[in-house]
Every structure is written in C-alpha cells, then in structure tokens.
Enquirer: 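Sharing a structure here in structure tokens format.
Just so you know, these numbers come straight off a predicted model, no measurement behind them.
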Number of protein chains: 2
Amino acid sequence: MTTTVEFISKLRNSGLRPTKQRIKICEVLFNKEKTFHFTINDLVKIIENEANEKISLATVYNTVHAFEKKGYLKEIPIDSNQSYFDTNIADHHHFYDIAEKKLIDLKQTDVGPINIQKTIPGKKIKSVEVLVKLETDNQ
Amino acid sequence: MTTTVEFISKLRNSGLRPTKQRIKICEVLFNKEKTFHFTINDLVKIIENEANEKISLATVYNTVHAFEKKGYLKEIPIDSNQSYFDTNIADHHHFYDIAEKKLIDLKQTDVGPINIQKTIPGKKIKSVEVLVKLETDNQ
DNA sequence: TCAACAGTTTAGAATGGTTTTAATGTAATT
DNA sequence: AATTACATTAAAACCATTCTAAACTGTTGA
Ligand SMILES: [Mn+2]
Ligand SMILES: [Mn+2]
Ligand SMILES: [Zn+2]
Ligand SMILES: [Zn+2]
C-alpha cells in the first residue's frame with residue numbers, strides 16, 4: 001500500500017510533474033498486491049474500470065514510456081504486434097502462453113544461472129532474457 | 001549451393017506450388033554461404049538488388065509466413081514493432097545490438113544448457129529462447 | 001492436350017498499434 | 001499574477017502487416 005503522497009514524491013524525484021493522470025496511473029500500476037503484465041489496451045481498460053476519469057491514449061503511452069525510461073516498468077519482448085509491459089522490474093524470465101497470449105513469471109531459480117560465454121568488442125550486456133513459449137499439451 | 005531443381009522439390013514436398021516468386025525467394029534465403037537475419041523490408045530490398053523481377057509485398061509476406069509454418073524460417077522475438085526472421089533454424093540464441101538493431105547468433109555452447117524447473121498443467125514447452133541485449137561499452 | 005479447378009500473385013485498401021501534431025491546460029518559478 | 005516550461009488531449013498521421021478481390025498460373029485428369 002503506497003499513498004498518493006509517496007507517488008507524488010516518486011514522480012517529483014524522477015523529474016516528472018505529478019499530474020492527476022500520472023498519479024492515477026501510478027495507483028493502477030504500483031498499488032497492487034502483486035506485480036502484473038499488461039498491454040496499453042489492458043491499462044486503458046483498468047483505468048476506465050477503476051476511475052471515473054478518462055485519460056487520453058496519448059497520455060497513457062507517454063506515461064508508460066516515461067516510467068519505462070525511469071526503470072519503473074519493463075517492456076517484455078514477445079513475437080507480437082503489441083507491446084507487453086511488466087510492473088515486476090526485478091530480473092526474471094517468462095513463460096508465454098501462446099494460446100492465451102499471457103505472460104507468466106519465472107523466477108531466476110526456475111531457470112538457473114545463465115552465463116554468456118561470448119563477447120562483442122565495444123559492447124556490454126544490458127540484459128539477459130529467457131522467453132519460454134508454451135503450447136497446449138495434447139497428452 | 002542448392003539448385004533450382006532442389007528448391008522446386010522442396011516446395012512441392014511441402015505442398016507449396018513452385019512458383020517463380022517462391023523459387024526466387026528460396027534462392028535469396030537459402031542459397032547463401034551463411035544463415036542470416038532479416039526483416040521483410042530487408043528481404044524486399046535484397047530481392048530488388050539481386051533480381052530484375054519485382055515481387056509484391058503481399059507475396060513476400062505470404063511466402064515468409066508459409067516458410068515459417070513449414071519450419072524453413074524462424075521468427076525471432078524482439079522488442080520492436082517489426083518482425084525479424086532467421087534462416088538459421090537450428091536451436092540457438094541471440095545477441096541483439098540495440099544501437100545497430102542487428103541480431104547476432106549465439107551458439108548453444110555460448111549460453112549453456114537451460115533447464116526450466118517450472119511446469120504449467122496442460123502446457124508443454126514449445127521453445128526456449130534467450131535474448132541478450134547489448135549496449136555500447138563506454139569505458 | 002487442354003479445359004477446369006485450385007492455388008497464387010498482385011495493387012491497392014483496410015487494419016490497428018503507436019507516434020505525432022498543435023492547440024489547450026496545468027504545475028512550477030519568480 | 002505573470003511567465004515559463006512541461007503535460008494533456010483529440011485528431012491526424014504513420015507504418016508494419018493483413019485483407020480483398022480480380023487476374024494469373026500450376027496441376028490434374030479426361
Ligand atoms: Mn517502449
Ligand atoms: Mn509470423
Ligand atoms: Zn514478468
Ligand atoms: Zn539467429
């Protein structure tokens with residue numbers, strides 16, 4: 001449980017003005033028991049259901065990208081034509097249920113350590129992400 | 001070096017009629033020394049440069065998806081709004097150079113075995129893909 | 001051999017997620 | 001309060017991809 005005042009501080013400390021819209025999006029994203037995965041469309045629907053206010057699509061995109069840049073959200077790479085975001089910013093991996101189009105978290109311990117044995121001169125590793133695609137098991 | 005006759009057989013054996021367009025795309029994709037990664041736009045440009053013929057964009061999409069379905073190509077999941085394909089259909093992983101927007105193959109031995117310790121009832125693993133994002137190493 | 005059929009190609013339109021535009025609104029600063 | 005910079009918005013633009021429907025081509029079998 002995080003208070004509105006804390007979200008305002010968080011935004012100010014990030015150099016983002018604490019607008020009504022950004023605070024509402026903070027509440028929707030970061031005031032939950034558990035972390036979760038969402039698309040922009042999911043987020044718009046959650047906002048519509050939880051609040052009376054409407055936030056324009058452009059602002060939702062702007063805010064999600066601002067939060068991603070600040071490290072408050074992660075984008076999950078999936079072979080898909082729409083972006084998936086994650087409020088779980090810890091290093092972790094994913095199942096992707098192809099039929100349901102849903103992401104499921106994998107803990108580091110579910111996958112084990114991954115050591116990349118190759119290097120590219122002038123480049124360093126920014127992230128290592130494992131995506132495990134799931135299909136229906138017909139026996 | 002694969003002959004046109006062999007591509008025709010390959011197509012016929014897959015239940016795909018060996019049209020002029022599909023044979024040309026086979027030549028562009030599968031008659032190379034090394035495997036490579038490409039977007040649809042890349043492929044269209046390669047075709048334009050290597051041939052006098054033009055192949056419509058719709059046909060390029062159709063053919064790439066047909067080849068993907070038959071297992072002659074793989075789609076690589078990247079955080080991007082465009083699809084990346086791979087003529088290397090062996091199990092392997094990738095570096096993704098964010099600045100260059102280029103994929104680089106990682107051999108299985110560059111990554112080591114990955115054992116997923118979690119299961120989901122009624123689901124089975126279809127693929128396990130590691131994506132290692134690279135950024136510029138300043139220092 | 002060739003008509004008939006099914007599969008394929010094509011230009012262009014449509015789709016849909018995302019970004020841009022530019023006018024209006026609001027938070028911060030003085 | 002006035003100024004300034006930043007933010008929101010509806011609508012338009014963008015752009016990768018898919019769809020449409022008409023023309024074309026490979027295949028089959030009489
Ligand atoms: Mn993003
Ligand atoms: Mn595909
Ligand atoms: Zn996650
Ligand atoms: Zn590859």
Side-chain angles (χ1 to χ4, degrees), chain A residues 4-5 7-28 37-48 51-70 72-73 75-85 101, chain B residues 4-5 7-28 37-48 51-70 72-73 75-85 101:
Chain A
T4 299
V5 176
F7 288 134
I8 291 174
S9 299
K10 181 176 181 169
L11 288 167
R12 274 223 190 78
N13 293 338
S14 310
L16 299 169
R17 287 184 181 171
T19 63
K20 196 174 55 162
Q21 292 85 349
R22 284 172 176 165
I23 293 164
K24 169 51 70 184
I25 293 174
C26 277
E27 285 166 355
V28 166
H37 308 104
F38 65 93
T39 65
I40 295 290
N41 233 2
D42 294 338
L43 181 52
V44 167
K45 277 179 195 151
I46 296 169
I47 294 167
E48 280 174 6
N52 300 327
E53 321 146 42
K54 259 175 214 133
I55 301 179
S56 78
L57 194 55
T59 296
V60 176
Y61 273 100
N62 288 343
T63 303
V64 165
H65 283 135
F67 287 1
E68 187 195 1
K69 201 169 233 171
K70 294 297 176 185
Y72 305 148
L73 290 174
E75 190 165 3
I76 308 300
I78 300 182
D79 154 21
S80 166
N81 61 335
Q82 86 186 298
S83 292
Y84 283 71
F85 296 91
K101 298 188 180 184
Chain B
T4 301
V5 176
F7 287 135
I8 290 174
S9 300
K10 181 176 181 168
L11 289 166
R12 273 223 191 78
N13 293 338
S14 311
L16 300 170
R17 287 187 183 169
T19 63
K20 196 176 54 161
Q21 293 84 351
R22 283 172 176 164
I23 293 163
K24 170 51 67 184
I25 293 173
C26 277
E27 285 166 355
V28 166
H37 308 102
F38 64 93
T39 65
I40 295 289
N41 232 2
D42 294 337
L43 182 51
V44 167
K45 278 179 196 152
I46 296 170
I47 293 167
E48 281 175 4
N52 301 327
E53 321 147 40
K54 259 174 214 133
I55 302 179
S56 77
L57 194 55
T59 296
V60 176
Y61 273 100
N62 288 342
T63 302
V64 165
H65 283 135
F67 287 0
E68 187 195 1
K69 201 170 232 171
K70 294 296 176 183
Y72 304 148
L73 290 174
E75 191 166 1
I76 309 299
I78 301 183
D79 154 23
S80 165
N81 59 336
Q82 89 184 295
S83 291
Y84 283 71
F85 296 91
K101 296 189 182 185

Enquirer: Check the interface with nucleotides 14-18 of chain C: list each N/O to N/O pair with the protein under 3.5 Å, or write none.
Expert:
from	atom 1	to	atom 2	distance (Å)
C/dT18	OP1	A/Ser83	N	2.8
C/dT18	OP1	A/Ser83	OG	3.2
C/dT18	OP2	A/Tyr61	OH	2.6
C/dT18	O5'	A/Tyr61	OH	3.1

Enquirer: If I take atom CD1 in residue B/Ile8 and atom C1' in nucleotide D/dT25, what distance separates them, rounded to the nearest angstrom?
Expert: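 About 14 Å, once rounded to whole Å.
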Enquirer: To the nearest 0.5 Å, what is the distance between OG1 (B/Thr19) and CD1 (B/Ile25)?
Expert: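 Taking OG1 in B/Thr19 and CD1 in B/Ile25, the distance rounds to 7.5 Å.
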Enquirer: Looking only at heavy atoms, what is the nearest atom pair of A/Ile78 and B/Pro77, with distance?
Expert: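 Minimum heavy-atom contact is C-CB, 3.9 Å.
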Enquirer: Measuring from A/Tyr84:OH to A/Asp42:CG, what's the distance to the nearest 0.5 Å?
Expert: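 Between atom OH of A/Tyr84 and atom CG of A/Asp42 there are 7.5 Å.
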Enquirer: How long is the gap from CD1 on B/Ile23 to CZ on B/Arg17, to the nearest 0.5 Å?
Expert: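 Answer rounded to 0.5 Å: 13.0 Å.
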Enquirer: Report yes if some heavy atom in the side chain of B/Leu16 is under 4.5 Å from a heavy atom in the side chain of B/Phe67; otherwise report no.
Expert: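 Touching, per the 4.5 Å side-chain cut-off.
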Enquirer: Nearest-Å distance, CZ (B/Arg22) to C1' (D/dG26)?
Expert: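 Whole-Å distance recorded here is 10 Å.
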Enquirer: What does the list of N/O pairs under 3.5 Å between the protein and nucleotides 27-30 of chain D look like, with a distance for each?
Expert:
from	atom 1	to	atom 2	distance (Å)
D/dT27	OP1	B/Arg12	NE	2.9
D/dT27	OP1	B/Arg12	NH2	3.3
D/dT27	OP2	B/Arg12	NH2	3.4

Enquirer: Measure the distance from CD1 on A/Ile55 to C1' on C/dG25 and round it to the nearest whole Å.
Expert: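 Those two atoms, CD1 and C1', are 15 Å apart.
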Enquirer: Taking Watson-Crick and G-U wobble pairs with both distances under 3.5 Å, convert DNA chain D into its dot-bracket string, 5' to 3', dots for unpaired and | for cross-strand pairs.
Expert: ||||||||||||||||||||||||||||||
Enquirer: Check the distance between D/dT17's P and B/Phe38's CZ and give it to me in whole angstrom.
Expert: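 Rounded to the whole Å, the gap is 11 Å.
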Enquirer: Quick one: pull up CG in A/Asn13 and CD1 in A/Ile8 and give me the separation to the nearest 0.5 Å.
Expert: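 If I round to the nearest 0.5 Å, the distance is 11.5 Å.
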Enquirer: CZ of A/Arg22 to CG of A/Leu11: how many Å apart, nearest 0.5 Å?
Expert: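 Interatomic distance, A/Arg22 CZ to A/Leu11 CG, rounded to 0.5 Å: 7.0 Å.
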Enquirer: If every non-hydrogen atom of A/Asp79 is compared with every non-hydrogen atom of B/Glu75, which pair is closest and at what distance?
Expert: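 The pair with the smallest heavy-atom distance is OD1-OE2, 3.2 Å.
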Enquirer: Just the rounded figure in Å: distance from P of C/dT19 to NZ of A/Lys69.
Expert: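 Taking atom P of C/dT19 as the reference, NZ of A/Lys69 is at 11 Å.
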Enquirer: Calculate the interatomic distance between A/Leu16 atom CG and D/dA7 atom P; express it in whole Å.
Expert: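 So the CG-P distance, A/Leu16 to D/dA7, works out to 7 Å.
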Enquirer: Taking CG from B/Asn62 and C1' from D/dA21, how many angstroms apart are they, rounded to a whole number?
Expert: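 To the nearest whole Å, that distance equals 14 Å.
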Enquirer: With respect to the phosphate group of C/dT8, does any side-chain polar atom (N or O) of B/Thr59 fall under 4.0 Å of OP1 or OP2?
Expert: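 Negative; the distance criterion is not met.
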Enquirer: Got a salt bridge between A/Lys45 and A/Glu48, using NZ or NE/NH1/NH2 to carboxylate O under 4.0 Å?
Expert: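 So A/Lys45 does not pair with A/Glu48 through a salt bridge.
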Enquirer: Please report, rounded to the nearest Å, how far the C1' atom of C/dT9 is from the NZ atom of B/Lys24.
Expert: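 To the nearest whole Å, that distance equals 17 Å.
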Enquirer: Using every non-hydrogen atom in the two residues, find where A/Thr59 and A/Gln21 come nearest and quote the distance to one decimal.
Expert: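 Heavy atoms only, the tightest pair is CG2-CB, 4.0 Å.
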Enquirer: Counting only side-chain N and O atoms of A/Gln21, is one of them less than 4.0 Å from OP1 or OP2 of D/dT9?
Expert: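 The answer is yes; a side-chain N or O of A/Gln21 sits under 4.0 Å from OP1 or OP2.
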Enquirer: With rounding to the nearest 0.5 Å, note down the distance linking NZ in B/Lys24 to NZ in B/Lys54.
Expert: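 Here the rounded value is 14.0 Å.
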Enquirer: Return the 5'-most residue of the pair A/Thr19, B/Lys20 with respect to DNA chain C, ranking by each residue's nearest nucleotide.
Expert: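 Whichever sits nearer the 5' end wins; that is B/Lys20.
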